[in-house]
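Data block below; observations after.
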Amino acid sequence: MLDSSVLEIAAIITHFLKITCFEIPNNIVKDSNHHAFPYRFLNKTLANGETCKRDWLCWSVEKQSLYCAPCFLLNKNAANVSFFSSSAGWGISRGWRRLKDRIPSHESSIYHKENYVVWKSASRAALCETSVDNLLLSELKTETENWKKLFQRILDVIIFLSERGLAHFGSNQRIGDRVNGNFLGIIELLSKYDPLLAEHVKHVRESQQCKQRMQAHYFSTRIQNEFIDICGSYVQTPILHEIVKAKYFSIIVNATPDCSYKEQTTLVIRYAKILDNSNFSVEERFILFENFSKKTGREIAARTLEISKTLKLDFETCIGQAYDNGANMTGKYNRVQAVLIQQNPNCMFSSCGNHSLNLVGVDCAESCKEAVTYFGTIQQMYNLFSSSPQRWAILKQHLPVSLHGMSKTRWSARIDGVKQDAQHLNSVRSALNELEVLHLTAQAKMELNAIQKYISEFDCILMSSI
């Protein structure tokens with residue numbers, strides 16, 4: 001893409017050439033010898049007695065100097081540089097009285113006349129918008145607009161995929177390949193109906209086939225990540241402004257490993273958004289993901305403080321902190337909540353009520369022998385069927401719904417696992433009986449016999465009902 005400075009320089013030159021006559025201020029100060037500026041030399045008397053303006057003279061307010069516009073712009077011969085075409089120009093230090101001889105002398109020089117003719121020709125072409133510079137500027141503007149439109153299409157596809165949590169990248173980045181990912185796939189689809197995008201995709205495909213690297217095509221994974229970061233910053237900035245305006249806030253920090261085994265630490269901030277003088281609303285905003293694998297409370301607390309400083313949030317105005325009941329988060333000594341309270345005594349700690357209730361349920365169930373046996377059997381039955389496509393097919397023949405595994409921590413998720421068995425206990429028993437004819441391993445046969453025996457007992461029926 002063309003640098004915007006090129007367009008700016010071209011626009012400045014075109015604007016300068018369109019000036020037919022430069023304005024000279026009428027308040028130019030006297031020189032060191034108290035000689036006033038000779039305004040009469042701004043005009044020239046011709047041989048026939050007519051008077052015309054010396055339109056080539058221009059004044060620099062910044063340098064407080066007089067210049068010859070065509071020679072300053074066009075003169076390339078260092079030997080022919082006069083004071084009027086130098087970088088300093090004819091300033092007050094040279095004296096205004098000497099302009100009486102210098103202006104006519106410069107005007108009658110050959111190099112000035114040549115530059116003046118070229119300047120006037122360029123000026124006339126600029127006014128008519130037929131000069132090479134104008135044509136080039138027009139072409140540059142068209143190319144710039146095309147790139148803006150391409151960026152808009154690329155950005156729309158990235159936002160579309162990001163909003164829906166879909167993967168962007170595939171196995172490769174080749175145009176036309178079926179495994180090149182969702183981003184390039186959508187780009188190829190849109191190019192069938194968009195001539196501008198189709199032309200760009202064509203150039204990228206040709207460069208890939210010829211193995212010639214394009215200077216820039218903006219389809220790479222790197223530019224996609226960069227666009228996502230920019231969009232994230234664009235959304236994050238007004239949220240941070242709201243938090244600063246609200247002044248007081250609380251933080252919620254949690255961490256969990258993702259599918260790539262990276263510990264993703266999340267930071268959520270709650271604050272009271274001020275709507276007007278008497279109304280407000282409590283907002284809870286996700287701020288960022290942080291790839292942070294360290295587990296000790298002091299390390300997590302230090303990183304939380306660093307993030308707050310990076311976001312330019314004053315931790316002294318943080319009045320609350322909330323986490324799950326992990327020992328590294330809630331412990332009284334050298335844990336996250338303890339370290340942060342040392343930094344700010346007003347940052348009160350509140351544990352997660354849902355997590356606390358969940359832990360109560362886990363501990364209660366583990367203290368009940370019947371519950372441990374029941375949930376263990378449900379999970380064992382799910383493992384038995386799901387470990388083989390053939391067994392799963394038999395299950396589907398008898399059961400109109402699918403079985404679900406047991407969640408280790410979330411009791412609300414166990415409902416899906418228990419409900420299917422409790423409502424279709426006879427169908428599950430029939431599916432288990434059909435597994436007996438298969439060639440099972442000794443371990444699988446032992447598990448099958450134990451499950452069949454348990455689901456036929458009254459304890460299983462009672463626990464399913466409960």
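- Checked against side-chain hydrogen bond (donor to acceptor under 3.5 Å, both in side chains), Asp194 has the following partners two or more places apart in sequence or in another chain: Arg153.
- Applying the ring pair (Phe, Tyr, Trp, His ring centres under 6.0 Å) rule to pairs touching residues 377-399 yields nothing, sequence neighbours excluded.
- Considering only residues two or more places apart in sequence or on other chains, Glu284 meets the side-chain hydrogen bond (donor to acceptor under 3.5 Å, both in side chains) condition with Arg270.
- For residues 217-230, there are no salt bridge (Lys or Arg N to Asp or Glu O under 4.0 Å) pairs, not counting sequence neighbours.
- Between the side chain of Arg298 and the backbone N or O of Val336 there is no donor-acceptor pair closer than 3.5 Å.
- Partners of Tyr454 according to the ring pair (Phe, Tyr, Trp, His ring centres under 6.0 Å) rule, which considers only residues two or more places apart in sequence or in another chain, do not exist here.
- For the salt bridge (Lys or Arg N to Asp or Glu O under 4.0 Å) test, residues two or more places apart in sequence or in another chain that qualify with Lys120 are Asp55.
- Ring-plane geometry between Phe151 and Phe227 is classed as perpendicular, the angle between the planes exceeding 60 degrees on a 0 to 90 degree scale with a lower cut at 30.
- For residues 163-177, no residue pair satisfies the salt bridge (Lys or Arg N to Asp or Glu O under 4.0 Å) rule, not counting sequence neighbours.
- In the model, Glu283 has a side-chain atom that pairs as donor or acceptor with a side-chain atom of Ser281 under 3.5 Å.
- By the salt bridge (Lys or Arg N to Asp or Glu O under 4.0 Å) test, Glu145 pairs with Lys148, sequence neighbours left out.
- With sequence neighbours excluded, no residue forms a side-chain hydrogen bond (donor to acceptor under 3.5 Å, both in side chains) with Asn346.
- No donor-acceptor contact under 3.5 angstrom links the side chains of Gln208 and Gln173, judged on distance only.
- Taking Ser464 as the reference, Tyr374 meet the side-chain hydrogen bond (donor to acceptor under 3.5 Å, both in side chains) condition, with sequence neighbours excluded.
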**OP:** Check the pair Ile251 / Cys318 against side chain to side chain contact (heavy atoms under 4.5 Å, CB included), numbers first and verdict last.
**Re:** CA-CA 7 Å; Ile251 61 173; Cys318 180; 4.1 Å; yes
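- Salt bridge Lys202/Glu199: absent, no basic N to carboxylate O contact under 4.0 Å.
- Evaluation of the ring pair (Phe, Tyr, Trp, His ring centres under 6.0 Å) test over residues 179-213, restricted to residues two or more places apart or in two chains, returns Trp147-His200, His200-Phe219.
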Would Val201 and Ile187 satisfy side chain to side chain contact (heavy atoms under 4.5 Å, CB included), going step by step from the backbone distance to the final call? CA-CA 8 Å; Val201 170; Ile187 290 291; 3.8 Å; yes
Taking only distance into account, with no hydrogens and no angle test, what donor-acceptor pairs under 3.5 Å do side-chain atoms of residues 237-249 form with protein atoms, sequence neighbours excluded?
| from | atom 1 | to | atom 2 | distance (Å) |
| --- | --- | --- | --- | --- |
| Thr237 | OG1 | Ser233 | O | 2.7 |
| Glu242 | OE1 | Tyr271 | OH | 2.5 |
| Glu242 | OE2 | Lys273 | NZ | 3.3 |

Quiz item: Run the side chain to side chain contact (heavy atoms under 4.5 Å, CB included) check on Glu206 and Gln212 step by step: do they pass?
Solution: CA-CA 8 Å; Glu206 290 175 351; Gln212 294 178 351; over 6 Å; no
